[in-house]
Amino acid sequence: MARSVFTVRIIEVIRAIPSGKVSTYGEVAELAGNPQGARQVVRVLHSCSETENLPWHRVVNRLGRIALGPFDGFDRQKELLEAESVEFDDNDQIDLNRFRWRGDLDALC
DNA sequence: GCCATGGCTAGTA
DNA sequence: GCCATGGCTAGTA
C-alpha cells in the first residue's frame, strides 16, 4: 500500500530538523498538515527511522523531554542530542525556548 | 488493535 | 490517569 501524503510529509519535516535543534511530535504533525497527528509521527519514527535515515533523536515530547523509556533508547537519544550540543537540565529536560526548531516559521519571516 | 502523544480532569501534598 | 486522535498492520472472511 502506498504511503499517505501525510506520512510522506512527516518524513520530510523530520528530515528538515537541523542538528542542534529539536522538534516535538505535535509540531511535526502540525507542520506536516495535521495538528492531531502526533501519534502518526510516533508510528513513522518507529517504522521508518532506520530505512529513511531519519534524525529520530531530534523529536521529543511537548515538554522537551525524551519519551523513550530507560531501557528503550532513552540513553541513546540523550547521547545523540548532547553530541549536537543540545543541553539537558537536572530533570533531563530540554529548554525548548533555546533548542526548539521553529520549522516553517523561518521561511515565512 | 497498536502507538516514543497531548490535553484535560481528579485527586493528592 | 483517562480518552480522543488517525494512519497503519496483522490477521481474519
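In what follows, every chain begins at residue 1, and chains take the letters A, B, ... in the order their sequences are listed.
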Mind checking if [X] touches a base, just sugar-phosphate, or nothing, with heavy atoms under 4.0 Å?
X       : value
A/Ser47 : nothing
A/Gln40 : base
A/Phe6  : sugar-phosphate

For the backbone of A/Arg15 and the side chain of A/Arg58, can you confirm whether one donor and one acceptor N or O come within less than 3.5 Å of each other? no
Does any part of the side chain of [Y], heavy atoms only, come nearer than 4.5 Å to the side chain of [X], both counted from C-beta?
X        : Y       : answer
A/Trp101 : A/Val28 : no
A/Arg62  : A/Tyr25 : no
A/Gln36  : A/Glu30 : no
A/Gln40  : A/Ile10 : yes

Partner nucleotide, any strand, of C/dC2 [Watson-Crick/G-U, under 3.5 Å]: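 C/dC2 is paired with B/dG7.
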Under 4.0 Å protein heavy-atom contacts per nucleotide of nucleotides 4-13 of chain B, with B for base, S for backbone only and - for none: BBSS------
Which atom pairs, donor and acceptor, lie under 3.5 Å between side-chain atoms of residues 72-82 of chain A and protein residues at least two apart or in another chain?
{"from": "A/Gln77", "atom 1": "NE2", "to": "A/His57", "atom 2": "O", "distance (Å)": "3.0"}
{"from": "A/Gln77", "atom 1": "NE2", "to": "A/Val59", "atom 2": "O", "distance (Å)": "3.1"}
{"from": "A/Lys78", "atom 1": "NZ", "to": "A/Asp92", "atom 2": "OD1", "distance (Å)": "2.6"}

